[in-house]
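Order of the sequence lines fixes the chain letters, A, B, ..., with proteins taken first and strands second; residue numbering starts at 1 for each chain.
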Amino acid sequence: MKKELSKLYDPSSVEDKIYKYWMDGKFFHADPDPKKEPYCIVIPPPNITGQLHMGHALDETLQDILIRWKRMRGYCTLWLPGTDHAAIATEAKIVEAMRKEGITKEELGREGFMERAWEWKKQYGGRIVEQLKKLGSSCDWDRERFTMDEGCSKAVKEVFIKYYEKGLIYRGERIINWCPKCKTSLSDAEVTYEDQAGHFWHLRYKIKDSDGYLELATTRPETLLGDTAVAVNPNDERYKDLVGKTVILPIVHREIPVVADDYVDPEFGTGVVKITPAHDPNDFEVGLRHKLPVINVMNDDATIVDDYPKYAGMDRYDARKAIVEDLEAEGALVKTEDYSHNVGTCYRCGTTVEPKVSTQWFVKMEPLAKPAIDAVKNGETKFVPERFDKIYFHWLENIRDWCISRQIWWGHQIPAFYCDDCGEMTVTKETSCTCPKCGKPMRQDPDTLDTWFSSALWPFSTLGWPDKTEDLEYFYPTNTLVTGYDIIFFWVIRMMFSGLENMGKVPFDTVLIHGLVRDAQGRKMSKSLGNGIDPLEVIANYGADALRFMLATGNAPGNDMRYIDEKVKASRNFANKLWNASRFIMMNLPEGFSADKLPENLSVEDKWIVSKFNTLAKEVNENLEKFELGVAVAKLYDFIWDVYCDWYIELTKPRIQAGGESAENAQTVLVYVMKGMLKLLHPFMPFITEEIWQALVDDGTAIMVQDFPMYDESLSFTEDEAVFEKIIAGIRGIRNCRGEMNVPPSVKAKLYVETQEPLVFEQGTMFFERLASASEVIITNHFDGKDCQTVVTDSARFFIPLSEIVDTDKERARLEKDKAKVQKDIDFLSGKLNNQGFISKAPEKLIEAEREKLRKAEEKMAKIEKSLSALK
RNA sequence: GGGAGCUUAGCUCAGCUGGGAGAGCGUCUGCCUUACAAGCAGAAUGUCACAGGUUCGAGCCCUGUAGUUCCCACCA
């Protein structure tokens, strides 16, 4: 069993080996087991184009912690992995790569492009998966899925057709968000609004058959080409007479009506609005109300259409410039103001979106939103932290129909077919069909579906739906969904209504929301800033365990956190600490030593550590139950470092050196608690705990499938804990005193312990020698303390004869300081206990505890005074 | 214009249902004590943003104020 282990833990030599061991042992694989309770997490599928970033690292870490914990708790645990085809993002990347080769989509044609895209998927889809493995993610890779694989595609078609037949999907002409760069429509969720500096151009339109002008202001003069009206508020006295009149559109010289509409705010600007139904969502609505013509002035790439020869082919911004110049030349420009306004941008490429009227497919949201709202209201699914349900409700309560068609090729092609001959449309599962009316071959809709349409089905499509599979039966609804608050709209909401609509049940019971990992200055990590930290580099430098531990530490659910290198270092140091603790144990362990059972006659310090460990196991489970991973990890850190390493290991050293039964017991307890700690820590630091486990236990078992420690009433020794704390208090006090006097540990001195509880302190003799530099310990019920340093605790006085060092004045000052502290305690406690309100209203238990504290403080005070008077 | 979060030690952050303020890093002192100097033993440091309120008792609950970050929203 004795093994030569390096002083420093080297994660790089361990992690890949251990991961392979887990994979070979099929430990991640889960098959439905009716004897066990299921626990399932579906991974938020990373994009195939993606590289692992800190956001993934956090997300995967949290999921793996939960999964590993539940697995050890005996659940049939499935973490289902996969990737997302990320329609627009991927297509943009492929197009970009092709551009560098001088090829366009159109040249390649749809089929050729798709071939290339699948090739891309094959090449890069695996990369992110390999990166996830580096983190230690215990996903069931046998079930890895892809949003465009056969099963998911089948589910997509099934849902589309079902919705269509139920009237939940319709095709229609609406104003939608259009990205001129990606050349596709976008849903409302895919538009990000940002403030942009712009201008406010005041224009005047001539009123027909009059000398008068109507002044209005606009931020987008170029859309004037498509104006079909001018609107004022019906109650605006200034313009009352003009409603129904006609004005002349400058430049175009088209005659357009003045209409009255409530949409116009008379307080804003001049109270007159130009109406461009084709290029503004509000204007579109106004246009509908007043039956105005819709004049499209822009091509798909936001250049001006050929109908306006002067501007044809000009980009919208160039056209704006030209039109402003022309307006000025025509005398229609009154003034130009600086103006900052909110414009929508494409969430993928950042291009300013262009509102555009076009024919698209939509999902009718109202009937789907309602059950999704109810499911969270009645607690079937809950958010952690709870406050995120507000965002959820707000979004769903104000939701508009979901534009799901995209004018790109990479994705699920819409299963609708058109007859060019008679105009008939059919929605079908088949890949080709003939017109049911005229028998001619039909043409499939060239559009594809929003990428989120398929990810909305992820919690059940990956389990086999629409087939009735054993997996689906067993694992659905899944349990916890772990994701960042930034994709609640995109994904969580859509999974919720999709699950409810198609499965009749919510997709998961809990949504654990986490925040963003920011850089050290608190900025969002982004490609453009170049401030991103590569998790793989961190893993290479410090190990995956250190990164995971850092990400889980000091982070409350839903809150953003900063990546600070020192924090990873601290985690790495912690791993090293654990490593060395195990090294200490193993170095001292006799050949063939087994520690299956705790010894019968535990010493007080053994009971102390066992009892404290028992409490730790209880609390870690409780914290994990409540998704307080950060709290759990902090408790583990404190216990392992402070309680186990700094105290218990030190306590065992004199025993091990002395040998005999006490040494053996110490070793048994050391191993027992170490094994327990490793198990508790395993979900957080899977690699190092597995590595140590295998070296320490060496029986061919894997820690990742051990039982997770739970609270055991029979191992709770609160009285012994309290007794041992008295010894600890003495050691602390003596160290403190020696420290203040700058006495090095190498200078030993006798220690006199004056106490009424000799039995307690007899158990501490060897610890005072070892940990408090006592050359000899003399326990007595009275000691005069002449020429000694005095240390007072509430159960004893300790005297250290350091006559050559003792300075009576200094010693008096030290004791006076102590006394002042205790006096403060006494004042505080007696004040509280003299408060009638406290006595009559506080819980009895608390009052009793405070009385006890006061009693102890008073005892301590008496001892200090005794020592002080002896000094004179 | 709505909504949410944050404000705690020099820095980064914890703080569970209200019961005398914590950690890591940094600083200072002393230690190479045979697991670990990526370590050990100690020390110092806080009007818990501000102002009210509820309570026997408030970092925690309520109201308001300020600063800050973010989300949502069609003001041309």
Side-chain angles (χ1 to χ4, degrees), chain A residues 5 7-9 193 200 216-220 223 231 263-265 267-276 280-285 339 341-342 344 355 385 387-388 390-391 394-395 398 485-486 488-489 515-516 520 522 524 542 553-556 558-562 564 566-567 569-588 619 622-623 626 628 630-631 634 637-638 645-646 649-650 653 657 731-732 735-746 770-773 824-825 828-829 832 835-843 846-847 849-850 853:
Chain A
L5 292 174
K7 275 170 113 169
L8 290 185
Y9 171 64
Y193 288 87
F200 216 21
L216 52 80
T218 178
T219 55
R220 301 204 55 198
T223 61
Y263 155 67
V264 181
D265 175 2
E267 305 293 315
F268 188 84
T270 59
V272 185
V273 185
K274 66 191 250 334
I275 301 297
T276 322
D280 182 281
N282 293 308
D283 293 7
F284 183 75
E285 297 295 323
Y339 187 69
H341 60 145
N342 220 5
R387 64 172 187 272
F388 287 99
K390 286 201 189 67
I391 295 181
H394 183 260
W395 184 266
N398 296 287
Y485 56 69
D486 48 338
I488 293 176
F489 314 123
L516 268 39
K524 220 168 173 169
Y542 301 108
T553 302
N555 181 229
N559 287 4
D560 289 353
M561 67 188 303
R562 296 183 193 205
I564 294 172
E566 278 67 35
K567 290 203 276 191
K569 262 186 201 142
S571 299
R572 185 269 319 259
N573 292 353
F574 174 66
N576 197 234
K577 185 77 183 170
L578 180 69
W579 176 254
N580 277 293
S582 74
R583 223 157 60 86
F584 169 80
I585 297 179
M586 286 187 263
M587 277 166 68
N588 289 296
E619 291 181 354
E622 283 170 357
N623 288 132
K626 290 186 277 184
E628 295 164 349
V631 179
Y637 182 97
D638 288 345
C645 292
D646 289 347
I649 285 186
E650 294 306 320
K653 283 178 181 174
Q657 273 167 6
I731 294 170
R732 283 218 174 96
R735 280 172 169 177
N736 183 328
C737 165
R738 293 176 62 108
E740 271 179 43
M741 298 291 137
N742 279 342
V743 185
S746 51
R770 177 81 185 202
L771 305 181
S773 302
K824 236 179 98 185
D825 286 358
F828 173 80
L829 290 164
K832 209 170 184 179
N835 181 338
Q836 257 331 100
F838 180 74
I839 293 297
S840 60
K841 297 203 173 160
L846 182 72
I847 296 171
E850 300 294 279
K853 277 197 231 167

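- Looking at heavy-atom distances under 4.0 Å, A:R387 makes contact with sugar-phosphate atoms alone, never a base.
- Residues passing the salt bridge (charged side-chain N to carboxylate O under 4.0 Å, His left out) test with A:R770: none are found, sequence neighbours excluded.
- Here A:D265 lies in heavy-atom contact (under 4.0 Å) with a base.
- Taking A:E850 as the reference, A:K832, A:K853 meet the salt bridge (charged side-chain N to carboxylate O under 4.0 Å, His left out) condition, with sequence neighbours excluded.
- Distance check on atom C1': B:G42 versus B:G3 gives 49 Å, rounded to whole Å.
- Across all their heavy atoms, A:V273 and A:L216 have their closest contact at C-CD2, 4.4 Å.
- B:C72 sits 43 Å from B:G20 when the C1' atoms are compared, rounded to a whole Å.
- If you take atom C1' in B:G59 and the same atom in B:C16, they sit 14 Å apart, rounded to whole Å.
- Across the P atoms, B:A14 and B:A41 are found 27 Å apart, a figure rounded to whole Å.
- Under the salt bridge (charged side-chain N to carboxylate O under 4.0 Å, His left out) criterion, A:E740 pairs with no residue, sequence neighbours left out.
- B:G15 and B:A76 have their P atoms separated by 41 Å, with the value rounded to a whole Å.
- At a threshold of 4.0 angstrom between heavy atoms, the contacts of A:N559 are confined to the sugar-phosphate backbone, with no base atom among them.
- Separating the CG atom in A:L771 from the CZ atom in A:R732 is a distance of 11.0 Å, to the nearest 0.5 Å.
- The 5' end of RNA chain B is approached more closely, in terms of each residue's nearest nucleotide, by A:E650 than by the other of A:E650 and A:H394.
- Among the heavy atoms of the strands, none lies under 4.0 Å from A:P355.
- If you check every strand for non-hydrogen atoms under 4.0 Å, A:L846 touches a base.
- Here the separation of B:G26 from B:A38, taken at their P atoms, is 11 Å to the nearest Å.
- Residues passing the side-chain contact (heavy atoms from CB on, under 4.5 Å) test with A:T276 are A:T223, A:D227, A:K274, A:H279, A:D283, sequence neighbours excluded.
- For A:Y9, the ring-ring contact (aromatic ring centres under 6.0 Å, His included) partners at least two apart in sequence or on another chain are A:W579.
- Separation of the P atoms belonging to B:C50 and B:G10 is 14 Å when rounded to the nearest angstrom.
- The nucleotide range of RNA chain B contacted by chain A, defined by atoms under 4.0 angstrom from heavy atoms of the protein and reported 5' to 3', is B:A4 to B:A76.
- A search for salt bridge (charged side-chain N to carboxylate O under 4.0 Å, His left out) contacts involving A:D560 returns A:R518, not counting sequence neighbours.
- Counting any heavy atom pair closer than 4.0 Å across all strands shown, A:K841 reaches a base atom.
- Between A:K390 and A:F489, the one whose closest nucleotide on RNA chain B sits nearer the 5' end is A:K390.
- Annotation: ring-ring contact (aromatic ring centres under 6.0 Å, His included) contacts of A:F284 (sequence neighbours excluded): none.
- Using a 4.0 Å heavy-atom criterion, one finds that A:K653 contacts the bases of the nucleic acid, with or without backbone contacts as well.
- Shortest non-hydrogen contact noted between A:C645 and A:K577 is CB-CE, 3.6 Å.
- Within the nucleic acid shown, A:L829 comes within 4.0 Å of at least one base atom, counting heavy atoms only.
- Rounded to whole Å, the P atom of B:G67 lies 38 Å from the corresponding atom of B:C28.
- Listed by first residue number, the stems of RNA chain B with at least three Watson-Crick or G-U pairs below 3.5 Å are B:1-7 with B:66-72, B:10-13 with B:22-25, B:27-31 with B:39-43, B:49-53 with B:61-65.
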